[in-house]
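If you're wondering where the values come from, they're calculated on a predicted model, not measured in any experiment.
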Amino acid sequence: ILIKKLVAHVRENITIIDGETRLPPRCSRTTLWVIKIFRTMIENKMGMSIFDRDEDGGEEQDIAAEPVVTAFNKNGVTELCLDLIADGVDDELQDEAIKLCVGLLYKEGGSRAVQSLMNNYLKRADAHLFWNQTRNIITKLREWHEWRVGDELPEVEEGGDPDIPVSLLLVRMLQLMSEGH
C-alpha cells in the first residue's frame with residue numbers, strides 16, 4: 001500500500017504544460033530520493049549493483065529480486081519511471097528513473113512481466129512524451145560522442161572505465177525492454 005501511495009502522490013503532482021512534464025521542485029527532490037531507494041531495494045536483493053548485475057549476475061539474482069520487482073510492477077512504479085523520462089523533468093531524476101527501469105528489467109531471458117507492462121503503457125497516445133525524450137537523450141549522446149570522441153578513442157587507464165554520461169543507460173534499458181529468448 002505504501003508503494004502505491006508514493007506513486008499516486010508523485011502522479012498527482014505531475015502536470016503537462018506545453019508538451020513538457022512538470023513536477024514541483026520539492027516533489028522532484030523527494031521523488032528522486034524514493035526512486036533511488038526503490039533501486040537500492042532491488043540491488044540489495046540481487047546482492048549487487050545494476051552495473052555489476054549485467055556481467056556477474058544470473059538466475060540466482062533474478063530469483064532473489066523477483067518479489068521486489070513484482071511488487072513495484074504491480075503498484076505503478078514501472079509506469080511512474082516511464083512518466084519521469086520526459087522533457088521538463090530534472091535530468092538527475094530521469095537518470096535515476098532509467099537506472100530503476102534497468103533494475104526492473106534485469107532477468108535472464110527477459111523480464112516478460114515488466115516488458116509487457118512497459119509495452120502496453122508505451123502504446124498509449126500520451127507515450128509520445130517518453131518517446132520524444134528518448135530521442136532527445138539519444139541525440140545528446142550522439143552529440144556528446146562526436147564532440148568527446150570524434151575520430152580518436154579516449155585513453156583509459158588499465159582496469160579503469162571510461163567517463164560516460166549516465167544517460168547512456170537508456171540504450172541498455174531499451175535493449176532490456178526488447179530482450180527475450
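- Looking at every heavy atom in both residues, Cys81 comes nearest to Leu100 through SG-CD2, 3.5 Å.
- Taking 4.5 Å as the limit, some side-chain heavy atom of Leu23 sits within range of a side-chain heavy atom of Val10.
- Rounded to the nearest 0.5 angstrom, Leu141 CG and Leu170 CG are separated by 7.5 Å.
- Side chain of Glu79 to backbone of Tyr121: no donor-acceptor contact under 3.5 angstrom is found.
- For Gln175, the CD atom is densely surrounded, since the number of other residues' heavy atoms within 6.0 Å is greater than 12.
- Residues Val69 and Tyr106 form no side-chain contact, since every pair of their non-hydrogen atoms from C-beta on lies 4.5 Å or further apart.
- Taking the side chain as every heavy atom from C-beta outward, Leu84 and Gln94 never approach each other to under 4.5 Å.
- There is no path of hydrophobic side-chain contacts, each under 4.5 Å, that joins Leu117 to Leu104.
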Given side-chain hydrogen bond (donor to acceptor under 3.5 Å, both in side chains), test Ser111 with Gln115 step by step and report yes or no.
-> CA-CA 6 Å; Ser111 182; Gln115 290 169 327; over 6 Å; no
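- In this structure, the side chains of Ile14 and Leu80 come closer than 4.5 Å at one or more pairs of heavy atoms.
- Heavy atoms only, all atoms of each residue included: Leu82 and Met173 are closest at CD2-CE, 4.1 Å.
- Taking 4.5 Å as the limit, some side-chain heavy atom of Leu105 sits within range of a side-chain heavy atom of Met177.
- Residues Asp90 and Ser28 have side chains that never bring a donor and an acceptor to within less than 3.5 angstrom of each other.
- With Ile137 as reference, Ile98 is the one residue of Val171, Asp87, Ile98 to meet the side chain to side chain contact (heavy atoms under 4.5 Å, CB included) rule.
- Proximity of a side-chain donor or acceptor of Asn132 to a complementary backbone N or O of His128 within less than 3.5 Å is detected.
- Smallest separation of non-hydrogen atoms from Trp131 and Leu122: NE1-O, 3.5 Å.
- Partner of Lys45 under the side chain to side chain contact (heavy atoms under 4.5 Å, CB included) criterion, out of Val68, Thr40, Asp62: Val68 alone.
- Of all non-hydrogen atoms in Ile3 and Ala71, the two that sit nearest each other are CD1-CB, 4.4 Å.
- Using a distance-only test at 3.5 Å, with no hydrogens or angles considered, no donor-acceptor pair links the side chain of Gln61 to the main chain of Met48.
- In this structure, the salt bridge (charged side-chain N to carboxylate O under 4.0 Å, His left out) partners of Asp126, at least two apart in sequence or on a different chain, are Arg124.
- No side-chain heavy atom of Lys4 sits less than 4.5 Å from a side-chain heavy atom of Lys74.
- Looking at heavy atoms from C-beta onward, Asn73 lies out of side-chain contact with Met118 at the 4.5 angstrom threshold.
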Side-chain donor-acceptor pairs of residues 29-38 under 3.5 Å, sequence neighbours excluded:
{"unit_1": "Thr30", "atom_1": "OG1", "unit_2": "Arg26", "atom_2": "O", "d": "3.1"}
{"unit_1": "Thr31", "atom_1": "OG1", "unit_2": "Cys27", "atom_2": "O", "d": "2.6"}

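- In this view, Asp95 satisfies the salt bridge (charged side-chain N to carboxylate O under 4.0 Å, His left out) rule with no residue, not counting sequence neighbours.
- The shortest heavy-atom contact between Met46 and Ala65 is CG-CB, 3.7 Å.
- Cluster membership check: Leu2 shares its hydrophobic cluster with Ile42, using side-chain heavy-atom separations under 4.5 Å among Ile, Leu, Val, Met, Phe, Trp and Tyr.
- Here the closest non-hydrogen pair linking Lys99 and Leu169 is CG-CD1, 3.6 Å.
- Checked against Val7 for a side chain to side chain contact (heavy atoms under 4.5 Å, CB included), the options Val77, Asp83, Thr78 give a single hit: Val77.
- Within the 4.5 Å cutoff, no side-chain heavy atoms of Glu66 are placed close to those of Ile63.
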